[in-house]
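Bear in mind the structure is a predicted one, so any value in this text is a computation, not a measurement. Hydrogens, waters and symmetry mates play no part in the numbers below; they use all other heavy atoms, side chains included. Counting begins at 1 with the first residue of the sequence. Just so you know, ligand 1 is whichever comes first in the structure, and atom 1 is the first atom listed for that ligand.
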Amino acid sequence: MTESEIQSSRSLPPHQQQVAPGKWPVVGEKAPRQSEAAWTIALAGLVEMPRVWTLDALQTWSQHEFPVDIHCVTRWSKPGTMFRGFLLSTLLECSRPLPDARYISFVARSDRHHSTSLPLEEALALGTIVAFACDGEPLATEHGGPVRTVVPGRYFYKSLKWLERVELLAEDRLGYWEDEAGYHNHADPWQEERYITSDVDRRLIAQALATLDFAGRDWRGIDARGRSLPNLNASNALLRNANFQQVDLRNARFDGANLSNAHLEGANLRGASFVNADVEGANFRQANLRGADFSGASLFGATFTPEQENEAFGPAQLDATTQLHPKQLEALTPVQQRFLSPYAYDAS
Ligand SMILES: Nc1nc2c(c(=O)[nH]1)N[C@H]1C(S)=C(S)[C@@H](COP(=O)(O)O)O[C@H]1N2
Ligand SMILES: [Mo]
């Protein structure tokens with residue numbers, strides 16, 4: 001087979017297009033921070049032994065070739081790109097992550113301290129590479145030279161140019177694009193996880209995420225997993241099929257909002273307000289609902305506790321401060337009714 005036959009035999013993720021041979025678009029920052037200081041790479045955070053290496057030292061480590069299919073979220077792909085370097089796991093072996101380290105953040109030697117993050121386990125399982133060369137040449141500056149990370153199997157914004165710092169964290173710290181532009185934090189191109197919402201003005205969503213003001217917005221299907229949105233104001237917002245799994249939504253206001261079929265599993269909804277909201281079919285398993293107010297909310301088909309064994313999410317947490325009227329339980333399955341009845345009372 002010729003090279004082009006090999007390339008076309010490989011299927012691309014949905015809605016991606018292969019770049020012309022020899023082409024490689026430059027995306028985002030074009031150059032690292034100007035600095036006289038020697039280039040060093042630090043490994044910090046939740047590790048037994050924090051380390052700092054000079055670039056020269058790292059470059060002497062044994063290197064290998066790794067073929068990678070690049071998929072940029074802006075819809076170009078460059079399959080079969082050959083990166084040269086070593087695996088992230090090699091770097092981590094030297095410092096031994098502590099048991100609490102669940103996330104890894106890569107920070108760039110760039111003016112805006114550009115960064116991106118991944119669950120640590122995922123970064124390792126995907127075979128993240130610390131790369132110094134590409135297709136037989138040292139990495140060009142605009143493509144992250146002298147050293148970048150490459151994460152196979154994720155959109156290319158998870159691959160950081162000009163690596164300066166690797167930090168292990170207990171809690172996730174959203175990366176630059178993920179935070180500023182609403183890029184999806186999971187970024188799997190095969191699932192088209194491009195943006196946390198599909199058809200919204202990105203500046204609008206960036207602004208709303210920064211100010212925590214979703215009031216009255218139509219953001220059906222928004223995927224906000226892994227965010228932290230305490231005190232969010234989402235009154236009267238249209239949030240059907242939204243995904244707020246494991247999101248910090250303490251004291252959030254969803255009064256009058258439409259959350260039908262929304263995913264709120266594991267969310268922290270302590271003190272959240274759902275007054276007159278539509279939460280039909282919404283999933284509240286394992287959510288913290290202490291102090292949450294469901295006055296006047298429509299609960300048809302909503303779930304709060306598993307209906308079967310071995311479900312990923314356990315029962316929600318409620319207590320005497322959760323506001324729920326016995327009448328509201330009538331719209332629920334018997335399993336849900338039995339679970340909720342100790343917490344429902346008539347406050348009038
Ligand atoms: N330091 C830094 N790394 C970055 C970016 C950036 O702006 N700054 N952009 C990301 C994005 S969105 C993409 S698609 C790739 C682009 O890499 P390239 O310019 O080598 O194609 O780098 C990623 N890493
Ligand atoms: Mo990108």
Side-chain angles (χ1 to χ4, degrees), residues 12-35 37 39-42 55 58 66-85 88 104-118 122-123 126 128-167 173-198 202-203 205-206:
L12 294 177
H15 305 114
Q16 291 293 117
Q17 269 186 6
Q18 197 169 318
V19 292
K23 291 275 187 268
W24 184 358
V26 176
V27 182
E29 296 174 296
K30 307 275 182 283
R33 188 175 64 235
Q34 293 294 322
S35 169
W39 196 298
T40 56
I41 292 111
L55 177 66
L58 280 194
F66 301 91
V68 175
D69 296 345
I70 298 177
H71 305 298
C72 177
V73 72
T74 59
R75 298 181 191 269
W76 57 267
S77 290
K78 187 172 155 52
T81 307
M82 197 60 82
F83 285 97
R84 186 172 176 80
L88 171 68
I104 185 161
S105 175
F106 302 100
V107 186
R109 181 169 162 129
S110 79
D111 286 328
R112 66 183 183 208
H113 297 279
H114 190 94
S115 73
T116 188
S117 71
L118 289 146
E122 222 171 85
L126 291 165
T128 298
I129 304 152
V130 177
F132 306 92
C134 180
D135 291 337
E137 303 280 339
L139 271 172
T141 302
E142 66 270 27
H143 288 306
V147 57
R148 77 175 296 162
T149 59
V150 177
V151 183
R154 290 292 175 262
Y155 283 123
F156 208 32
Y157 57 87
K158 290 289 180 188
S159 297
L160 184 102
K161 304 195 273 191
W162 317 299
L163 181 66
E164 181 171 59
R165 186 176 168 83
V166 178
E167 207 172 329
R173 185 167 67 211
L174 280 183
Y176 180 87
W177 291 117
E178 293 88 330
D179 198 29
E180 294 279 317
Y183 280 35
H184 200 291
N185 198 27
H186 193 244
D188 180 351
W190 298 96
Q191 298 183 57
E192 275 213 272
E193 294 169 332
R194 296 176 191 276
Y195 303 100
I196 65 169
T197 179
S198 53
R202 317 239 177 271
R203 278 165 311 170
I205 195 136

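For atom 8 (N) of ligand 1, the nearest protein heavy atom (residue, atom name, distance) is Glu29 OE1, 2.6 Å. Given atom 11 (C) of ligand 1, the protein heavy atom at minimum distance is Tyr157 CA, 3.7 Å. Closest to atom 24 (N) of ligand 1 among all protein heavy atoms lies Ser159 O, 2.8 Å. Nearest protein neighbour of atom 18 (P) of ligand 1, counting heavy atoms only, is His143 ND1, 3.5 Å. The protein atom (non-hydrogen) at minimum distance from atom 19 (O) of ligand 1 is Lys161 NZ, 2.7 Å. In this structure, the protein non-hydrogen atom closest to atom 5 (C) of ligand 1 is His114 NE2, 3.5 Å. Among all non-hydrogen protein atoms, the one lying nearest atom 9 (N) of ligand 1 is Trp177 NE1, 3.3 Å. For atom 13 (C) of ligand 1, the closest heavy atom belonging to the protein is Phe156 O, 3.8 Å.
Near Ala108, meaning under 4.0 Å from any of its heavy atoms, are these atoms of ligand 1: 1 (N). Shown in contact with Val26 at under 4.0 Å from a heavy atom are these atoms of ligand 1, numbered in order with element: 19 (O). Using a 4.0 Å cut-off to heavy atoms of Gly28, the atoms of ligand 1 that qualify are 7 (O). Ligand 1 places these atoms under 4.0 Å from at least one heavy atom of Cys72: 14 (S). Contact atoms of ligand 1 toward Trp24: 18 (P), 20 (O), 21 (O) (distance under 4.0 Å to a heavy atom of the residue). Listed by number with element, the atoms of ligand 1 under 4.0 Å from a non-hydrogen atom of Glu142 are 19 (O).
Between Glu164 and Val107 there is no side-chain heavy-atom pair separated by less than 4.5 Å. Residues Leu118 and Phe106 have side chains in contact (heavy-atom distance under 4.5 Å, counting atoms from C-beta outward). Looking at Tyr183 and Tyr176, their side chains never come closer than 4.5 Å, going by heavy atoms from C-beta outward. Residues Trp76 and Val27 are in side-chain contact: their nearest non-hydrogen atoms beyond the backbone lie under 4.5 Å apart.
By the 3.5 Å distance cut-off applied to N or O atoms, Arg112 is counted among the residues near ligand 1.
Within the set Arg33, Arg148, Lys158, Arg109, the minimum heavy-atom distance to atom 22 (O) of ligand 1 is found for Arg148.
Screening Thr81, Val68, Ile70 for a side-chain contact (heavy atoms from CB on, under 4.5 Å) with Pro152, the sole residue that qualifies is Val68.
Looking at Glu29 and Lys161, no side-chain N of the basic residue comes within less than 4.0 Å of a carboxylate O on the acidic one, giving no salt bridge.
Between His186 and His184, the ring planes lie perpendicular to each other; the angle is over 60°, past the 30° to 60° tilted range.
Contact annotation for Pro25 and ligand 1: only backbone heavy atoms (N, CA, C, O) come within less than 4.0 Å of the ligand.
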Steps toward side-chain contact (heavy atoms from CB on, under 4.5 Å) verdict (Glu193, Asp188): CA-CA 5 Å; Glu193 294 169 332; Asp188 180 351; 3.1 Å; yes
